[in-house]
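This report concerns only the one structure given below.
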Amino acid sequence: MNVLHLDTSALGTYSISRQLTAAIVGQLQRDGVASSVSYRDLAAEPLPHWLPNPDPASDNALRDEAVLQQFLDADIVVLGAPMYNFAITSQLKAWLDRVLVAGRTFRYGPNGPEGLAGGKRVIIASSRGGKYSEGPAAAMDFQEPYLRTVLGFIGITDVEFIRAEGVAMGDDAKQAALQAAHASIGQLALREAA
């Protein structure tokens, strides 16, 4: 399967989501799932804010088409999505603006919107300083619900989150979060075999 590996964290080697995406891709390769891997670092080479491209031959339009085609060619997308201020990074939003394209990944029909990009698997490495998957802070999570919504809108329902949350709540909490995330990554092989 063709794997698209995307990182969006601006923290470089300090990034937990980058560590997790690398571990996920490594696991997929060891399991023989990934036949090819393409990589895009959206923090090192950020996409500008989306603007309409009336000239399909312009550099911007050609770049946007290449980003979209790279996504369309992928069977599995491994996406590093740290939570910044309760939501996704602006780098990830700029990428999504190139991927959610009317007529290519969704369309409007007589019954409303219809996703055209189904059949893909998306594995999201989510890193969070606090704990937002449950409890009182869950109402502040605009990251995971947003990603599930936009991916579902384009027809992708096979979405899995590998979470490391509470990483800013002390060394013990960080280590526990990383152990739990890596244990989930180890389970990817079992899912593929099922």
Side-chain angles (χ1 to χ4, degrees), residues 1-8 17 21 24-25 28 33-43 45-126 128 132-133 138-163 184 188 191-192 194:
M1 294 190 158
N2 296 323
V3 174
L4 173 56
H5 176 183
L6 298 167
D7 279 321
T8 68
S17 66
T21 60
I24 292 165
V25 171
L28 294 172
V33 175
S35 58
S36 69
V37 178
S38 57
Y39 179 71
R40 185 176 289 269
D41 186 334
L42 294 167
E45 296 182 35
L47 297 166
H49 291 293
W50 182 84
L51 294 171
N53 294 306
D55 177 4
S58 71
D59 288 344
N60 288 342
L62 294 172
R63 180 207 53 230
D64 290 356
E65 176 61 27
V67 169
L68 175 60
Q69 195 58 53
Q70 185 181 43
F71 167 74
L72 292 172
D73 291 344
D75 300 301
I76 300 173
V77 178
V78 176
L79 175 58
M83 178 186 273
Y84 286 6
N85 300 318
F86 313 113
I88 63 171
T89 66
S90 60
Q91 295 90 333
L92 178 53
K93 176 64 169 77
W95 179 80
L96 287 168
D97 287 341
R98 273 48 178 222
V99 169
L100 278 78
V101 178
R104 303 288 297 281
T105 57
F106 73 93
R107 68 177 168 218
Y108 291 104
N111 297 322
E114 177 186 348
L116 303 174
K120 295 182 186 305
R121 179 181 182 195
V122 178
I123 304 169
I124 299 171
S126 169
R128 301 159 163 212
Y132 298 92
S133 62
M140 294 184 277
D141 179 2
F142 301 103
Q143 174 207 39
E144 187 170 325
Y146 174 76
L147 288 171
R148 285 191 189 280
T149 299
V150 297
L151 293 170
F153 184 80
I154 60 174
I156 300 173
T157 57
D158 189 357
V159 179
E160 182 175 357
F161 281 82
I162 305 289
R163 279 189 218 95
S184 295
L188 292 174
R191 177 165 180 233
E192 288 301 323

For S38 and H5, test the side chains for any donor-to-acceptor distance below 3.5 angstrom and give the result as yes or no. no
Side-chain touch Q143/F86, heavy atoms, less than 4.5 angstrom: no
Give, for atom OH of Y84 and atom OG1 of T8, the distance between the pair rounded to the nearest 0.5 Å. 6.5 Å
Taking all heavy atoms of W95 and all of L47, pick out the closest pair and write down the distance. CA-CD1, 3.7 Å
Could you walk me through whether V3 and V78 pass side chain to side chain contact (heavy atoms under 4.5 Å, CB included), step by step? CA-CA 7 Å; V3 174; V78 176; 4.0 Å; yes
Are more than 12 heavy atoms from other residues, nucleotides or ligands located less than 6.0 Å from atom CG of D55? yes
Does the side chain of D141 come under 3.5 Å of the side chain of Y146 through a donor N or O and an acceptor N or O? no
Here the side chain to side chain donor-acceptor pair (under 3.5 Å) pairs for residues 63-77, sequence neighbours left out, are R40-Q70, N53-D64, N60-R63, D64-R98, E65-R104, Q69-D73
Measuring from T157:OG1 to L151:CG, what's the distance to the nearest 0.5 Å? 10.0 Å
Under the 6.0 Å and 45° cation-pi test, does K120 pair with F71? yes
Take T89 and M83 through the side chain to side chain contact (heavy atoms under 4.5 Å, CB included) test and state the conclusion after the steps. CA-CA 7 Å; T89 66; M83 178 186 273; over 6 Å; no
Looking at M1, is its backbone amide N or carbonyl O close enough to the side chain of S35 to form a donor-acceptor pair, meaning the two atoms are under 3.5 Å apart? yes
Using only atom types and a distance under 3.5 Å, with no angle test, would you say the side chain of T105 pairs donor to acceptor with the backbone of L116? no
Please report the interatomic distance OG(S90) to CG(N85), rounded to the nearest 0.5 Å. 10.5 Å
What pair of heavy atoms forms the shortest contact from I124 to A81, and how long is it? CG2-CB, 3.7 Å
Heavy-atom pair of closest approach, residues A94 and P48: CB-O, 3.9 Å
Is any side-chain heavy atom of I123 closer than 4.5 Å to one of I76? yes
How far apart are the closest heavy atoms of A125 and I24, and which atoms are they? CB-CD1, 4.0 Å
Could you check whether E144 and S126, counting side-chain N and O atoms only, form a donor-acceptor pair closer than 3.5 Å? no
Counting C-beta onward and ignoring hydrogens, is there a side-chain heavy-atom pair between T21 and L79 closer than 4.5 Å? no
L92 side chain reached by L147 side chain, heavy atoms, under 4.5 Å: yes
Locate the shortest heavy-atom distance separating A117 from I156; write the atom from each residue and the value. O-CG1, 3.3 Å
When every non-hydrogen atom of P52 is compared with those of P54, the smallest separation belongs to O-CD, 3.3 Å
Would F106 and Y108 count as a ring pair (Phe, Tyr, Trp, His ring centres under 6.0 Å) if you check the C-alpha gap in whole Å, the side-chain angles of each, and the deciding distance to 0.1 Å? CA-CA 7 Å; F106 73 93; Y108 291 104; 5.6 Å; yes
